[in-house]
Amino acid sequence: MSTEITDNAGKSRYEIRLDGELAGFAVYERGEGAVIFTHTEVDPAFEGKGVGGSLARGALDDVRAKGLSVVPLCPFIKKWIERHPDYEDLVRS
């Protein structure tokens, strides 16, 4: 199964597709030097398969590559970062 994570800037969200099918997304707003994550959603058909975690990792890796910080207002993204301390440096204090 192929996995693709993209930044759909037109919709202000990162999307994850499995074999071309939209499986979930993480909505964001852009702030001064930061990406503010506000909501994450995974299609019920894909829940329990690690899709949310893959989406979080891919989105945060992209934010890091762009040299931006993160404001995790979304509870899912916030908890994911707490469970993966190697991403805590991205959080704007």
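Reckoned from all heavy atoms, side chains included, excluding hydrogens, waters and symmetry mates.
- Atom OG1 of residue Thr3 and atom CG of residue Asp19 lie 7.5 Å apart, to the nearest 0.5 angstrom.
- Between Ile77 and Ala56, the shortest heavy-atom distance links the atoms CD1-CB, 3.9 Å.
- Within the 4.5 Å cutoff, the side chain of Phe25 has no heavy atoms near those of the Lys11 side chain.
- Glu15 CD to Glu41 CD: the interatomic distance, rounded to the nearest 0.5 Å, is 12.0 Å.
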Take Val35 and Arg30, measure what side-chain contact (heavy atoms from CB on, under 4.5 Å) needs, and give me the verdict at the end. CA-CA 5 Å; Val35 176; Arg30 287 296 298 265; 4.0 Å; yes
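- Contact record, Ile5 with Gly58: CD1-CA, 3.9 Å, taken as the closest heavy-atom pair.
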Would you tabulate the side-chain donor-acceptor contacts of residues 59-74 under 3.5 Å, counting partners in other chains and residues two or more places apart, or write 'none'?
residue : atom : partner : partner atom : Å
Asp61   : OD1  : Tyr87   : OH           : 2.6
Asp62   : OD2  : Tyr14   : OH           : 2.6
Asp62   : OD2  : Lys66   : NZ           : 2.8
Arg64   : NH1  : Asp89   : OD1          : 3.3
Arg64   : NH1  : Asp89   : OD2          : 2.7
Arg64   : NH2  : Asp86   : O            : 3.1
Arg64   : NH2  : Asp89   : OD1          : 3.4
Lys66   : NZ   : Asp7    : OD2          : 2.9
Ser69   : OG   : Gly33   : O            : 3.3
Ser69   : OG   : Arg92   : NE           : 3.4

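- Grouping the Ile, Leu, Val, Met, Phe, Trp and Tyr side chains by contacts below 4.5 angstrom, directly or via other members, places Phe46 apart from Val27.
- The heavy-atom pair separating Ala26 from Leu55 by the smallest distance is N-CD2, 3.8 Å.
- The shortest heavy-atom contact between Glu82 and Pro85 is O-CD, 4.3 Å.
- Side-chain heavy atoms closer than 4.5 Å link hydrophobic residues (I, L, V, M, F, W, Y) into clusters, and following such links, possibly through other members, connects Ile16 to Phe76.
- To the nearest 0.5 angstrom, Thr6 atom OG1 is 9.0 Å from Arg13 atom CZ.
- The salt bridge (Lys or Arg N to Asp or Glu O under 4.0 Å) search around Arg57 returns none, not counting sequence neighbours.
- At a threshold of 4.5 Å between non-hydrogen side-chain atoms, the residues Leu90 and Ile81 do not count as touching.
- In this structure, the separation between OG on Ser12 and CD on Glu29 is 8.0 Å, given to the nearest 0.5 Å.
- Smallest separation of non-hydrogen atoms from Ala9 and Tyr28: CA-OH, 3.6 Å.
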